[in-house]
Amino acid sequence: MANDADISAVGRILVNPKQDLTTRFRALFTLRNLGGPEAITWISEAFVDESALLKHELAYCLGQMQDEQAIPILETVLKDTNQEPMVRHEAGEALGAIGHPKVLDLLKKYAEDPVIEVAETCQLAVRRMEWLMNGGEKTAEGTDENPYCSVDPAPPAPRKSIPELRAQLLDESLSLFDRYRAMFALRNLGTEEAVLALGDGLQCSSALFRHEIGYVLGQIQHEASIPQLQAALEKTDENAMVRHECAEALGSIGKEACLQILERYRKDQEQVVKESCEVALDMLEYENSSQFQYADGLLRLNPEGKKDLVI
């Protein structure tokens, strides 16, 4: 078990803007894996950073940790209109992931935020929490389990055929919550047919929805999604939040074709896309290495059995 001194050593890397972004990402995911109040404190301190991508990932990790001690900082970030929309959106999603009833009123308030990505995120979070409060997890029979251990903004839809799930996914007359349910049901199937159906979602009108499609395609890591992810990344008029998620998905898939695409966009004019390509290339290097888990240890044992920081 890492002690507070170990966690602080990793935390100092995270909050140091002079460190490479990829190194700071590894520090962040190390803190997420370690967990506890000291890790949350260090992650919270990094929300003053200039990188919207890093701050977005800070909020994501706090949500995945599902620790109620992260609620105050996430509430602060969601309320802060000086924060980038993608950061505020992720803070709203993280509050929904933690799922404590005390944040429900706040999420309902920001479900009407003038920034559409923030509003839609909070609407989803409210629906997820209401689903949980109404015993949704007890009525989840007939759905496929999530093989990725992520806390998702909506539960998967009941088991249906892929054409039926695709129709639900793409039906813009339905609520985002119901369409997200189809998205996660398709993700859990993970077949090539399901992947291609998900890729069609990259043409839908909601940027938040398209961004989540990129995220789940990155989880699945199926080569069939590369052309659709590439097309979205190459659209310079696409929302940067979507392009960033598609870049990270390509890094997660980790094939040679992905490397070539990411190399072309690592100097993109959009800062968040540029940084995403840098991080994605680091992820791609991991996918082709023998490392056990991405960023699963800036802490390593030296020959004397003491912990060393490995950067």
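In this text, all values refer to a predicted model and were calculated from it rather than measured experimentally.
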Query raised in the report: Any idea which heavy atoms bring G199 and L217 closest together, and the distance?
Result: CA-CD1, 4.3 Å
Requested in this report: State whether a side-chain donor-acceptor pair under 3.5 Å links R32 with Q64.
Outcome: no
Report task. Identify which one of H211, R210, R243 satisfies the side chain to side chain donor-acceptor pair (under 3.5 Å) criterion when paired with E238. Result -> R210
Requested in this report: Compute both the distance and the angle, then confirm whether R179 meets the cation-pi test with F209: under 6.0 Å from the six-membered ring centre, within 45 degrees of the axis.
Outcome: yes
Query raised in the report: Do I213 and E245 have side-chain heavy atoms sitting under 4.5 Å apart?
Result: no
Query - ILVMFWY cluster, I73 and I71 together (side-chain gap under 4.5 Å) - result: yes
Requested in this report: Indicate yes or no for a side-chain donor-acceptor contact from Q83 to the backbone of L78 under 3.5 Å, with no hydrogens or angles considered.
Outcome: no
**Report entry** Pairs meeting criterion salt bridge (charged side-chain N to carboxylate O under 4.0 Å, His left out) with involvement of residues 59-80, two or more places apart
**Finding:** none
Requested in this report: Please check if atom NZ in K102 has more than 12 non-hydrogen atoms from other residues, nucleotides or ligands closer than 6.0 Å.
Outcome: yes
**Report entry** Check: L62 and M65 side chains under 4.5 Å, non-hydrogen atoms
**Finding:** yes
Requested in this report: Answer with yes or no whether the hydrophobic clustering places L124 together with V151; edges join I, L, V, M, F, W, Y residues whose side-chain heavy atoms lie under 4.5 Å apart.
Outcome: no
Would you be so kind as to tabulate the donor-acceptor pairs closer than 3.5 Å made by side chains of residues 43-51, with sequence neighbours excluded?
{"unit_1": "S44", "atom_1": "OG", "unit_2": "I40", "atom_2": "O", "d": "2.7"}
{"unit_1": "D49", "atom_1": "OD1", "unit_2": "R24", "atom_2": "NH1", "d": "3.2"}
{"unit_1": "D49", "atom_1": "OD1", "unit_2": "R24", "atom_2": "NH2", "d": "2.6"}
{"unit_1": "D49", "atom_1": "OD2", "unit_2": "S51", "atom_2": "N", "d": "2.9"}
{"unit_1": "S51", "atom_1": "OG", "unit_2": "L53", "atom_2": "N", "d": "3.4"}
{"unit_1": "S51", "atom_1": "OG", "unit_2": "L54", "atom_2": "N", "d": "3.0"}
{"unit_1": "S51", "atom_1": "OG", "unit_2": "E275", "atom_2": "OE1", "d": "2.7"}

Requested in this report: Go through the steps for V103 and M129 under the test side-chain contact (heavy atoms from CB on, under 4.5 Å), then give the verdict.
Outcome: CA-CA 10 Å; V103 303; M129 289 182 62; 3.9 Å; yes
**Report entry** Pairing of E84 and K55 as salt bridge, 4.0 angstrom limit
**Finding:** yes
Report task. Indicate, with yes or no, if V195 and Y148 share a hydrophobic cluster defined by side-chain heavy-atom contacts under 4.5 Å among Ile, Leu, Val, Met, Phe, Trp and Tyr. Result -> yes
Requested in this report: Could you give me the CA-CA distance, side-chain angles and deciding distance for M241 and L208, then say whether side-chain contact (heavy atoms from CB on, under 4.5 Å) is met?
Outcome: CA-CA 8 Å; M241 189 168 75; L208 182 73; 4.1 Å; yes
Query - Name of the residue among E117, E120, E212 meeting side chain to side chain donor-acceptor pair (under 3.5 Å) with S206 - result: E120
**Report entry** Test log, rule salt bridge (charged side-chain N to carboxylate O under 4.0 Å, His left out), inputs E193 and R166
**Finding:** CA-CA 10 Å; E193 183 184 2; R166 180 183 180 278; over 6 Å; no
Query raised in the report: Do T22 and E278 have a side chain donor and acceptor closer than 3.5 Å?
Result: no
Query raised in the report: Does the side-chain contact (heavy atoms from CB on, under 4.5 Å) test come out yes or no for Y215 and S150, once each step is laid out?
Result: CA-CA 11 Å; Y215 170 76; S150 55; 3.8 Å; yes
Query raised in the report: L233 and Y265: side-chain contact (heavy atoms from CB on, under 4.5 Å), yes or no, with the steps?
Result: CA-CA 8 Å; L233 176 59; Y265 287 91; 4.1 Å; yes
Query raised in the report: Parallel, tilted or perpendicular for H89 and H56, by the 30°/60° rule?
Result: tilted
Query raised in the report: Minimum heavy-atom separation for D268 to K274, with atom names?
Result: O-CB, 3.6 Å
**Report entry** Side-chain donor-acceptor pair present, S252, Q221, cut-off under 3.5 Å
**Finding:** yes
Query raised in the report: With sequence neighbours excluded, what pairs up with S175 under the side chain to side chain contact (heavy atoms under 4.5 Å, CB included) test?
Result: R127, F177, D178
Query - pair R88-D113: side-chain heavy atoms closer than 4.5 Å - result: yes
